[in-house]
Amino acid sequence: MADKNNQQFVKEIADIKSDFPQWYTDVVLKTQLVDYGPVKGTMVIRPYGYGIWENIQRELDNRIKATGHENAYFPMLIPYSFLMKEAEHVEGFAPEVALVTHIGNEELPEKLVVRPTSETIIGNMYSKWIQSWRDLPVMINQWANVVRWEKTTRPFLRTSEFLWQEGHTVHATEEEAQAETLKMLDVYQEFAENVLAIPVIVGKKSEKEKFAGAKSTYTMEAMMLDGKSLQSGTTHNLGQNFSRAFEIQFLDKDGVLKHPYQTSWGVSTRLIGALIMAHGDERGLVLPPMVAPKQIIIIPIAAFKGGVLEKAQELRQLLLASGVRAEIDNRDQSPGWKFNEWEMKGVPARIEIGPRDIESDSCILVRRDTHEKKVISLNNIGATIVAELKDIQANMLEKSRKFRDSHIVICETVDELKQAVDSGNFVKAMWCGSRECEAKIKEQTSATTRCMPFDQTPVGTKCIVCGKEIKNCEGYVAYFAKAY
RNA sequence: UGAGGUGUAGCGCAGUUUGGUAGCGCGCUUGGUUCGGGACCAAGAGGCCACGAGUUCAAAUCUCGUCACCUCAACCA
C-alpha cells in the first residue's frame, strides 16, 4: 500500500491554482484511485477509487428506483445499421465509435459498434415491447460501461471507456416526456448537492451543445476549483426522433397508432473527477462523508504499548454499530506518515488514540475539511461521530456554494467576458441565441455556452456579442465558461 | 493532423555537450531501535539506458531510421 513518494507529491501539488490539470492528474494517480490501462485512454479503477463509485451508485440507484424506474441490461455490441437510423445521432457518434469487424479471421457480414450509448439498441427492443398505451410508460435504467474514442483523454473526466448509468424512458405524450426530463434533472441536482456536496447550475443546452439526436438537452454544470465548468450530468428529451427511427408505435386510447415520446439521461464515473476537482486542496482529496469509502480512519499511537490496539478495535466496533464506515490503520509506519497518507486520500476525519487518551477516556478527532482538531469523549462516541460527519457533509456543500457564487460574474461585453473566464469565473450574460454569436465567443475567449438557466431574470438588455436588443423572450440569459 | 518536447530501476530524475561499460532521491526487502505531524541505524534486492541499423578498440552518449508517450493547437454526449 505505502508505495508512493509522498514528499515529491506534496511539492508537485503545492501550487494548486497555477497548474490545475497537473495537480489533478497527480492527485488521481498518487492517491491510487486509478491507473492507466494498457490501451490509450483507458483506466483501471483501483479499489479505493471504485469504493467511491460504489457509494455513488448506491445513493443514485436508490433515487432512480424511488422515482419509479427499474434496472435492466442491454447488449454491449450494437449492429452498425442501428446507429445509422437516426441521422444526427450517427453524425455525432460515428467518429468516436469502436467497431468490431472480424471474429477470428472471418469478416462479419455486418459491423458491430461497441456501444457509445444505448438509445439505438434499447429503441430496437422497445419497438418489440410496446404495442398499447397500456404498455406505457416504460421506465428503465441501465448500469453499464460505454466506449467513446476521444482524441485526448484525462482520467475520470474523459476516458475511452467509462462506467455510467443511462435511463431510457418512453411516454405516451410529449408533456409526460418533458416532465420526466426535468424530473430526472431535479434528481441529479439533489444528488449532486446532498451526496457529492457539489452545487450545480442547471439549465438547457444550446442547439450547438445538445445531445446528438435529442430534441432538447438539459445539463447540470459544476464549477471546479480553477473556475472551469464540468458537465456533470445530462437529461435529454428525445421527442419522437428515436421512436420514428426505430418504429416504436403504440395504439392509443383513441384508437390511433402513434409514435411515443422518449427521454434518456445519464451520469458517469466523471463524477469522481468532479469530486476531486471541486473539493481537493493542497493536501490532496477531500471526500464528502456520503461517498467516502472510509469515513473515519483510526490511527493508534504507540500501538505496541499494551491496550492501545484493543481500545482502537473497541472504538471501531462502536462506530460500525452506529453505521459509520471506520477502519484502523495499524501498519508499521510513523503516525505522521499515516496522517498525511489519509489526508491525501480524502478521508473525512481521523481519530487518534494513544496511551494519554485512554487514561482520560477520550480520543482526538481531526476533520479533513477544516483541519480542526479536538478532544472528544469516548462516551457516546457513535452519536458524536455521526453528527460530526453530517456537519462535514453540510460544511463542504456550503463552502463549495460560497466559492461558486463568488466566481460568477455578470458581463456586458466580450472583453469583460474574456477577462472574467481567464481569471477563473463563470460568466452570466445576455445572448441573442444565434449560432454566430455563440461561435464568436468560443473563438475569441475559448469559453463555451454552458447552459441557459431556468431562472431567466434578465441581467442586461442587449446581446453581449452583437448588441441586439433582447426583448419579449427573443434571447436568453446564459452561462459561459471554459469547460473540461 | 500542425508545432514543440521526452524515452535511463516501481516512481521522479542526473549522466549525453567532451564516447571508457550505470548513478542519485523516494519507494521496496531484512534486522534492530522508534511512534501525538511525513523517524533513525545497518545490510540488501532491483536496469537489453524505448527499438533497429551504422561509426568506433569501445556507444546511454555520435549518425540515420522506427516506435511510444507528453504539452500546446485542433477535436470532444
Side-chain angles (χ1 to χ4, degrees), chain A residues 1-12 19 21-22 25-26 29-30 32 35-36 38-41 83 86 88-97 115-119 146-154 157-160 162 164 166 205-206 208-214 216-220 230-236 238 264-268 270 283-284 299-305 308-309 329-344 350-360 362-366 371 373 375 442-443 446 448 482-484:
Chain A
M1 282 288 282
D3 63 347
K4 291 292 173 183
N5 177 355
N6 294 337
Q7 282 179 337
Q8 217 165 300
F9 167 65
V10 170
K11 272 185 208 154
E12 282 165 5
D19 200 3
Q22 187 61 44
T25 304
D26 289 340
L29 298 176
K30 306 270 170 158
Q32 303 180 20
D35 256 326
Y36 290 116
V39 176
K40 186 183 182 235
L83 208 64
E86 215 285 333
E88 276 185 34
H89 194 65
V90 65
E91 195 187 323
F93 281 105
E96 61 190 55
V97 295
R115 64 179 161 224
T117 178
S118 302
E119 275 76 6
V146 291
V147 169
R148 296 182 188 178
W149 221 260
E150 306 283 2
K151 287 194 178 100
T152 56
T153 59
R154 205 195 294 288
L157 297 189
R158 183 170 296 109
T159 45
S160 301
F162 55 92
W164 78 346
E166 49 179 326
K205 280 288 189 192
S206 69
K208 182 171 177 292
E209 300 273 334
K210 78 172 189 192
F211 176 70
S216 48
T217 289
Y218 297 84
T219 179
M220 62 174 179
L230 184 69
Q231 180 176 305
S232 308
T234 49
T235 72
H236 314 293
L238 302 175
S264 70
W265 27 273
V267 301
S268 71
R270 176 179 265 197
R283 297 190 189 187
I299 300 181
I301 308 293
F304 56 86
K305 287 182 184 157
V308 175
L309 192 56
D329 183 354
N330 192 34
R331 291 174 299 173
D332 186 14
Q333 297 283 2
S334 72
W337 190 94
K338 292 177 188 174
F339 298 164
N340 283 283
E341 163 95 354
W342 292 111
E343 280 172 1
M344 187 168 70
R350 75 158 179 271
I351 287 175
E352 300 168 24
I353 184 150
R356 291 210 296 266
D357 308 296
I358 293 171
E359 270 175 41
S360 61
S362 65
C363 62
I364 290 174
L365 179 80
V366 183
H371 303 136
K373 195 170 195 168
V375 178
K442 187 174 182 189
E443 200 180 299
S446 82
T448 51
K482 295 188 181 187
Y484 277 102

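To find a chain, count down the sequence lines: A is the first, B the second, and so on, and within it residues start at 1. Small disclaimer: the values here were computed from a predicted structure and weren't measured.
The partner of B:G52 is B:C64, judged by Watson-Crick or G-U wobble contacts that both fall below 3.5 Å. Applying the Watson-Crick and G-U wobble criteria (two distances, each under 3.5 Å), B:A43 pairs with B:U29. Applying the Watson-Crick and G-U wobble criteria (two distances, each under 3.5 Å), B:C13 pairs with B:G23. In this entry B:C69 has B:G5 as its Watson-Crick or G-U wobble partner, both defining distances falling under 3.5 Å. Within the shown strands, nothing qualifies as a pairing partner of B:A59 under the Watson-Crick or G-U definition with both distances less than 3.5 Å. The pairing partner recorded for B:U18 is none, the criterion being a Watson-Crick or G-U wobble arrangement whose two distances lie under 3.5 angstrom.
Residue-level contact check: A:I364 touches the bases, meaning some heavy atom is under 4.0 Å from a base atom. Residue A:G92 is classed as having no contact, given no heavy-atom separation below 4.0 Å to the nucleic acid. The residue A:Q231 sits close to a base: some heavy atom pair falls under 4.0 Å. Using a 4.0 Å heavy-atom distance criterion, A:R270 is classed as making no nucleic acid contact. Using a 4.0 Å heavy-atom criterion, one finds that A:K210 contacts the sugar-phosphate atoms exclusively. Within 4.0 Å (heavy atoms only), A:F211 reaches sugar-phosphate atoms of the nucleic acid but no base atom. At a threshold of 4.0 angstrom between heavy atoms, the contacts of A:P355 include nucleobase atoms, whether or not backbone atoms are also involved. Counting non-hydrogen atoms under 4.0 angstrom, A:E352 reaches a base of the nucleic acid. Base contact: A:K373 has a heavy atom under 4.0 Å from a base atom.
Applying the ring pair (Phe, Tyr, Trp, His ring centres under 6.0 Å) test to A:F93 and every residue at least two apart in sequence or in another chain returns A:H89, A:F211.
Of the P atoms belonging to B:G47 and B:A42, the separation is 25 Å, rounded to the nearest Å. Between B:C24 and B:U8, the two C1' atoms lie 12 Å apart (nearest whole Å). On the P atoms, B:C57 is 43 Å away from B:A43, given to the nearest whole Å. Across B:C13 and B:G27, the matching C1' atoms stand 14 Å from one another, rounded to whole Å. Taking atom C1' on both B:A14 and B:A73, the two are 32 Å apart, rounded to the nearest angstrom.
Judged by distance alone, with hydrogens and angles left aside, A:R283 brings no side-chain donor or acceptor close enough to the base of B:G38 to form a pair under 3.5 Å. No hydrogens or angles were tested; on distance alone, nothing pairs the side chain of A:E343 with the base of B:G38 as donor and acceptor under 3.5 Å.
Take the nearest nucleotide of RNA chain B for A:P335 and for A:T217: the residue whose nucleotide is more 5' is A:P335.
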Worksheet item: Can A:I358 and A:V308 be said to form a side chain to side chain contact (heavy atoms under 4.5 Å, CB included), step by step?
Response: CA-CA 8 Å; A:I358 293 171; A:V308 175; 4.0 Å; yes
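For the pair A:W149 CH2 and B:U1 P, the interatomic distance rounds to 17 Å; values are reported in whole Å.
Glycosidic conformation, B:C48: syn, with the torsion inside 90° of 0.
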